[in-house]
Amino acid sequence: MKKVYGSASEALDGLLHDGMLIAAGGFGLCGIPELLIDAIVEAGTKDLTIASNNCGVDGFGLGKLLDSKQIKKMMSSYVGENAEFMRQYLNEELELEFNPQGTLAERMRAGGAGIPGFYTKTGVGTQIAEGKEVKQFHGEDYILEEGIFADLSIVKAWKADDTGNLVFRKTARNFNPPAAMCGKVCVVEVEEIVERGSLDPDHIHLPGIYVHRIIQGQHEKRIEKVTTRSREEA
Amino acid sequence: MMPSEAMGWDRNQMAARAADELEDGWYVNLGIGIPTLVANYVGDKDITLQSENGMLGMGPFPYEGEEDPDLINAGKQTITELSRTSYFDSATSFGMIRGGKIAAAILGAMEVAENGDLANWMIPGKLVKGMGGAMDLVAGVGRVIVVMDHQNKAGESKLLKSCTLPLTGTGVVDRIITNLGVLDVVEGGLKIVELADGVTEEQLREATEATIVN
C-alpha cells in the first residue's frame, strides 16, 4: 500500500470534515506539522477541535487556523503566545479546555493504546478536577481522565521510510508520537523520506503501523525564543 | 527602615540556596524564573536536569549562531545537549514525572499555604495562559521546593493560611526558600529552617501570614 503522497493537500484529501477532532504534534513551534496546518487553512475546514499542547503564535503554526477562524475549541496546556487567540477567547468565539501537560500527553497515548480512561493524581483538588470522578488507590485520591480518540492526527517527524517508520530529532519529538497514535488516520510530514532499509530497525521511534500517509517538504522551523550565551563564558 | 524587599537574599542567593537542596545523582526539573538560575550553582554534584518537553541532560544556552530549532527547553528557549542527554516523547516525559522518578522540582509560586497548597498558574480576571506541566510536576515528583519572594509588591505575605488563587496542587510543597529564609511545611504550619543573611526571626514572622510552628 502506498503511503507517500505528493503534497500536504493530496495527503489530506478525503480526510477533512467540519467539526472534526484533530490531534496535532509539537511543543511551542518546535516539531509542529507546519505544512499540514497550511493545507488545512487552504481546505477551509471549519469548527475544528484541536488537541495540541499550544496554539502556535500569531500568523504561524496553529495560529494560522485561528486567523482563518477555523478552530472552535482547543484542548491545550498552555496558550496565549498569540494576541488573536486571546481576542477570540475573550470574545467567546473560541472554547478552551485546559489540560495539564502530562495529562494531555497521556490522554493521547491512552487513546492510541485503546484505553478510554485512566486515573491520575495530577490536578486533584484543583479546578481541573471539577466534575471528574475521584477514586482512592492506596489511600490517595486520583481523578479520572479520558483517552483522546481523534479523527485525524497531524504530525511532524524528521525522517520516514516509505512504510511510515519514523525518526524524530531532539526535542522536536515531544507530542508527536502520542498525537500520532490517537488518530483514526495519521498524516505525517517529514524533512526526508529515506530508502526502505536505511533506518536502523532498533532506532525507529514510532513504527509505521501508526502512520497512514506521509509527505516530504521544506520546513521553516521558526524559533520562538532565541537564547544564547556569550563565548567568554566558556 | 529598609523596605522588606531589600532584606535578606537576592535572586542569585536564593538560587544558590536552592541548589544546596539537591543531592548527588538526582534527576531534577527546574521551573521558569529564579529556579532556572539554580543550574548555575550545582557545583560538582552530579545533577541531571529534565526538560519536560522531552529531554534529560539539559545543557546551557547555545553560542550565538548555533541555535537549533529542534532543541528547546520547556520555556521554549534554545538550549544545547550534553554527552549524557537523552530525548523522549511527552507521554514518556510525564510518565517519569508522574511515576516519581524525578527526585525534585524547584518551582516559582504566587502563593503557598501553610498546609503545602500551591498556587502558581492563574490569577482570575487576568489573562490565563495555562498550567503547562506544573500540575503534573507538583503531583508527581519526589520533593517540591518553591523559590519565591516572601511578600508581594504591596508588602503582603505570599505565605498564607490558605491560598486565595486557584490551586496548582493541594498539600504538595515540601520546602519554601524566600528572600527571608527557608521554611518547611510541617504538621500545623510552617517551620523556620534557616534565616537569610541579616534577617531576624521576628522580621520573618512579621512578614508571614501563615502559622509558624516551632
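Just so it is clear: chains get the letters A, B, ... in the order the sequence lines come, proteins before strands, and each one is counted from 1.
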Contact class of [X] relative to chain A, heavy atoms under 4.5 angstrom:
{"X": "B:Thr92", "value": "neither"}
{"X": "B:Asp117", "value": "neither"}
{"X": "B:Val128", "value": "both"}
{"X": "B:Ile97", "value": "neither"}
{"X": "B:Glu52", "value": "both"}

Kindly say whether [Y] contributes a backbone atom to a donor-acceptor pair with the side chain of [X] at under 3.5 angstrom?
{"X": "A:Lys225", "Y": "B:Gly75", "result": "yes"}
{"X": "B:Thr78", "Y": "A:Thr227", "result": "yes"}
{"X": "A:Thr228", "Y": "B:Glu64", "result": "no"}
{"X": "A:Arg231", "Y": "B:Tyr63", "result": "no"}
{"X": "A:Thr171", "Y": "B:Ile72", "result": "yes"}
{"X": "B:Thr170", "Y": "A:Gly125", "result": "no"}
{"X": "A:Arg229", "Y": "B:Phe61", "result": "yes"}

May I ask you to name which of [options] has the most heavy-atom pairs under 4.5 Å with chain B?
{"options": "A:Lys170, A:Glu81, A:Arg107", "answer": "A:Lys170"}
{"options": "A:Ala105, A:Ala129, A:Ser77, A:Ser76", "answer": "A:Ser77"}
{"options": "A:Asn176, A:Thr103, A:Leu206", "answer": "A:Thr103"}

Atom [atom1] in [X], atom [atom2] in [Y]: separation rounded to 0.5 Å?
{"X": "B:Ser93", "Y": "A:Arg173", "atom1": "OG", "atom2": "CZ", "result": "11.0 Å"}
{"X": "B:Ser51", "Y": "A:Phe27", "atom1": "OG", "atom2": "CZ", "result": "7.0 Å"}
{"X": "A:Arg109", "Y": "B:Ser90", "atom1": "CZ", "atom2": "OG", "result": "13.0 Å"}
{"X": "B:Trp121", "Y": "A:Phe98", "atom1": "CH2", "atom2": "CZ", "result": "5.5 Å"}
{"X": "B:Arg98", "Y": "A:Thr120", "atom1": "CZ", "atom2": "OG1", "result": "5.0 Å"}
{"X": "A:Asn53", "Y": "B:Asn53", "atom1": "CG", "atom2": "CG", "result": "9.0 Å"}

Where along residues 139-151 of chain A does a heavy atom come under 4.5 Å of chain B, listed by residue number?
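Answer by number: none.
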Could you list which of residues 208-224 of chain A have a heavy atom closer than 4.5 Å to any heavy atom of chain B, in residue-number order?
A:Lys221, A:Ile223, A:Glu224
Proximity breakdown for [X] and chain B, heavy-atom pairs closer than 4.5 Å:
{"X": "A:Leu90", "result": "side chain"}
{"X": "A:Asn54", "result": "side chain"}
{"X": "A:Arg169", "result": "both"}

Could you tell me whether the side chain of B:Lys76 reaches within less than 4.5 Å of the side chain of A:Tyr78, counting heavy atoms only?
yes
Heavy-atom check, side chain of B:Asp89 versus side chain of A:His205, under 4.5 Å:
no
If you compare all heavy atoms of A:Pro100 against all heavy atoms of B:Asp136, which two are closest, and at what distance to 0.1 Å?
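Closest approach of A:Pro100 to B:Asp136: CB-OD2, 3.4 Å.
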Indicate the atoms forming the closest heavy-atom contact of A:Cys30 with B:Pro69, along with that distance.
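So the minimum-distance heavy-atom pair works out to SG-O, 3.4 Å.
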Can you check side-chain contact (heavy atoms from CB on, under 4.5 Å) on B:Asp70 and A:Glu191, steps first, answer last?
CA-CA 12 Å; B:Asp70 289 337; A:Glu191 294 172 45; 4.3 Å; yes
Does [X] have more than 12 heavy atoms from other residues, nucleotides or ligands lying within 6.0 Å of its [atom1]?
{"X": "B:Lys101", "atom1": "NZ", "result": "no"}
{"X": "A:Glu92", "atom1": "CD", "result": "no"}
{"X": "B:Tyr27", "atom1": "OH", "result": "no"}

Mind running side-chain contact (heavy atoms from CB on, under 4.5 Å) on A:Gln101 and B:Met135 for me, showing each step along the way?
CA-CA 8 Å; A:Gln101 194 173 140; B:Met135 285 190 182; over 6 Å; no
